[in-house]
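Encoded as structure tokens, the structure appears first; notes follow it.
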Amino acid sequence: SQQGEEDPQALSIQEGENATMNCSYKTSINNLQWYRQNSGRGLVHLILIRSNEREKHSGRLRVTLDTSKKSSSLLITASRAADTASYFCATESGGSYIPTFGRGTSLIVHP
Amino acid sequence: KAGVTQTPRYLIKTRGQQVTLSCSPISGHRSVSWYQQTPGQGLQFLFEYFSETQRNKGNFPGRFSGRQFSNSRSEMNVSTLELGDSALYLCASRLTVVDPGELFFGEGSRLTVL
């Protein structure tokens, strides 16, 4: 079963706009990661945020974590057509350090 | 530095057959995990190996098995294939299992069961 659930399931925007995706989870976590997957390919790690962190930046990416609401958001600023992909959040909880993935948000950026 | 390599990339099998998938992790990575990805279930964790030992196992039937060799390369096997086993099988490696860190994924092996 999935720990994290992304919202929305699909997002369609124009190049230059910002894209925001959300991830909600059910149990306490050690950390949360975001990954990107281009169609039919492997996943690529984007960013990791630990449970004691509230915000992290990496280039055009900004991730926030609200442990009180058990939610995280991924913001991609000034989107490009190359950002078209599926985005997954993955949570790690307990002592297993096994990332559990959500079903993903499919992002389409129109040129 | 070479990435995670999975072979074969594509394969077609028929029901009842068995299949073996291979994964070579990034050099120096001792942890190898396997995931099954389907449109209906998303990414499901199969198992993780570290230093030739299965460390964690997901909720899959015993038809799904794996192993890891001394050079950290890993194989997974699915016996008595069913139509529902059609999926993209992803392998991921990481340096260690003690401290959380990013998973490095291969391109996947796409299995079609007819």
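Every chain is numbered from 1 and lettered A, B, ... according to where its sequence line falls, protein lines coming before strand lines.
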Contact leader toward chain B among Ile47(A), Val44(A), Leu43(A), where contacts are heavy-atom pairs under 4.5 Å: Leu43(A)

Pro39(B) backbone acceptor or donor facing Arg103(A) side chain under 3.5 Å: no

Heavy atoms only: give me the nearest [X]-[Y] pair and the separation to one decimal.
X         : Y        : answer
Tyr97(A)  : Arg55(B) : CD1-NH2, 4.2 Å
Arg94(B)  : Pro99(A) : NH1-CD, 4.1 Å
Leu103(B) : Gln33(A) : N-OE1, 4.3 Å

In Å, rounded to the nearest 0.5 Å, how long is the span from CD1 of Ile98(A) to NZ of Lys57(B)? 13.0 Å

Between atom CZ of Phe105(B) and atom OH of Tyr35(A), what is the distance when rounded to the nearest 0.5 Å? 5.5 Å

Is [X] in contact with chain A via its backbone, its side chain, both, or neither, using a 4.5 Å heavy-atom distance?
X        : result
Tyr35(B) : side chain
Glu48(B) : side chain
Gln6(B)  : neither

Other residues, nucleotides, ligands: >12 heavy atoms within 6.0 Å of [X] [atom1]:
X        : atom1 : result
Asn71(B) : CG    : yes
Gln9(A)  : CD    : no
Arg41(A) : CZ    : no
Arg80(A) : CZ    : no
Arg63(B) : CZ    : yes

Spell out, yes or no, whether Leu95(B) and Phe104(B) are grouped together once hydrophobic residues are joined by side-chain heavy atoms under 4.5 Å, including indirect joins. no

ILVMFWY network linking Leu32(A) to Leu46(A), side-chain heavy atoms under 4.5 angstrom: yes

